[in-house]
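Input: a single structure, listed below in structure tokens.
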Number of protein chains: 2
Amino acid sequence: MNVLVVEDEPKLADGLARFLTYAGFHVTVAGTLAEAKRQLEQPFDAVLLDVRLPDGEGWTLIPKLKTLKPRPAIILATARGEADDRVFGLELGADDYLVKPIVLKELEIRLKRLVKQTDEISFGDMTVDARSRTVTDAGQAIRMTNKEYELLLFFLKHSGEALDRNRLLDEVWDYTFAGDTRTVDTHVKQLRDKSPTMKRQLKTVHRVGYRLEEVR
Amino acid sequence: MNVLVVEDEPKLADGLARFLTYAGFHVTVAGTLAEAKRQLEQPFDAVLLDVRLPDGEGWTLIPKLKTLKPRPAIILATARGEADDRVFGLELGADDYLVKPIVLKELEIRLKRLVKQTDEISFGDMTVDARSRTVTDAGQAIRMTNKEYELLLFFLKHSGEALDRNRLLDEVWDYTFAGDTRTVDTHVKQLRDKSPTMKRQLKTVHRVGYRLEEVR
DNA sequence: CTTCGACTACGAGTACGTTCATCTTTATCG
DNA sequence: CGATAAAGATGAACGTACTCGTAGTCGAAG
């Protein structure tokens, strides 16, 4: 579990790093936005981002963070009471917010919670473990190919939504493809063939696309 | 989207209720733990829980909330700086935490993030969820074809208006069709057949077209 | 009596499911 | 490390199922 701590105050950065390491995270520290950008060549599970930095406001980094794959969880930290910053950060797409002074235990809890979200997803009899990219359905392990796995994950993350083919092509494939393609259909068929749960719950929405119907 | 606000200070409770209603939530207020317990016979999507209450600490309710199904999202609210409360609440299983004074916009953002979004229009006993393209009437799920769904949506968005066939053909169909067509009639019949509410409320306006009569 | 809407049934067109051939990527083994 | 095999991704082709729109008839309203 890799965490990037972006914090310019050396004492605080050091303290955070120590604590998080102790709590079982693997920590990297960046003191400036520029350095953070360099570090982000490597993948991170989460980024703890101070708002006040020597070379700019922390939240300017958020749009960039959101384009990364895998997209790291984003936690902002600001001096207390700056409520506007808080709202602004959340609206930009930060996943959580901490008010300084940082309570270490709280940081740990929030971090673990955010990271866990992307760790294991269950849906009916299915379980998808993001760490190992393993899928089981009704206790049976299912071997998924890359695309199948990513498509499945997207459906799970948007269960209930009617998703049209263009959206799927855009987000699961990198494609921005104009013409007509059966590719999505083919992969949907694979999912339905491999998993009984998908066979039951993955509905086609005529003239639109597909919808993963929630189990109740 | 039902939210239970547990807050004893009447002014604050009222303000919260107003704002959340405005933001599109359906709000119920409880002033004490005892009252909250009574309200929780009904299902809620989220509970906003003040820590200081006349008859006890708010977090004592958390274990009970976690046994409910559907399990509501739990947001705690406390006076600022009570960091221990914060950690304690999160460890007990609250999903999020707000520091008073509550910033309404922040509350809205956090609520919307925690609660699975539905984009629904309701009309009498009918509910149409745009996100999943599903329709229910009197609790029953109704399977709609694409055109039926779009026509229904158009009627809902223009309830009360008398809509002539040309307008419907223009806007629901892509048609710019001059001649005479029974197409609209056919689809109106489908709607009336499939949904009791439509059977009752979708009136024909002689020599003009149709009008969806508002329910009172 | 005339006109308009309700309703049924049918046919054309279209979108989806499925298979298959081709190209690409990944894995294996020397 | 490179060659070769295996597996996966892709999109075209074809069959099928479904939806939509049209026509014809009946009944009701004006």
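Proteins come first, then strands; the chains are lettered A, B, ... in the order of their sequence lines, and each starts at number 1.
We find that NZ of A:K199 is positioned 11 Å from P of C:dG17, with the value rounded to whole Å. Atom CD of A:Q190 is separated from atom P of C:dC20 by 13 Å (rounded to the nearest Å). One interatomic measurement links the two molecules: CG of B:L191 to P of C:dA6, which rounds to 12 Å at whole-angstrom precision. Atom pair A:W173:CH2 and D:dA9:P shows a separation of 9 Å (rounding to whole Å applied). B:Y149 has its OH atom 19 Å from the C1' atom of D:dC20, to the nearest Å. Separating the CZ atom of B:R207 from the P atom of C:dC4 is a distance of 5 Å, rounded to the nearest angstrom. As rounded to whole Å, 15 Å separates atom P of D:dA9 from atom NZ of A:K189. The distance between atom CG of A:D193 and atom C1' of D:dA9, rounded to the nearest whole Å, is 16 Å.
Close to D:dA9, at under 4.0 Å from its OP1 or OP2, lies a side-chain N or O of A:T145. For A:R165 and C:dA15, the shortest distance from a side-chain N or O to OP1 or OP2 is not below 4.0 Å. OP1 or OP2 of C:dA6 has at least one side-chain nitrogen or oxygen of B:R192 nearer than 4.0 Å. The side chain of B:Y210 contributes no N or O atom lying less than 4.0 Å from OP1 or OP2 of C:dC4. Side-chain nitrogen and oxygen atoms of A:H206 include none within less than 4.0 Å of the OP1 or OP2 phosphate oxygen of C:dC16.
Comparing atom distances between the B:R182 side chain and each of D:dT19, C:dA6, D:dA9 picks out C:dA6 as nearest. Here the nucleotide nearest the side chain of B:T186, chosen from C:dA15, D:dA9, C:dT8, is C:dT8. Closest to the side chain of A:T204, out of D:dA9, C:dG17, C:dA6, is C:dG17.
With rounding to the nearest 0.5 Å, the separation of CG in A:L40 from CG in A:L61 is 6.0 Å. Between the CD atom of B:E108 and the OH atom of B:Y22 there is a distance of 9.0 Å, given to the nearest 0.5 Å. A:K112 NZ to A:L107 CG: the interatomic distance, rounded to the nearest 0.5 Å, is 10.5 Å.
No side-chain donor from either of A:T197 and A:D125 sits under 3.5 Å from a side-chain acceptor of the other.
Among the atoms of the strands shown, base atoms are found under 4.0 Å from some heavy atom of A:T183. Within 4.0 Å of A:V184, counting heavy atoms only, lies no atom of the nucleic acid at all.
Between A:D164 and A:R207 there is no salt bridge, since none of the side-chain N atoms of the basic residue sits less than 4.0 Å from a carboxylate O of the acidic one.
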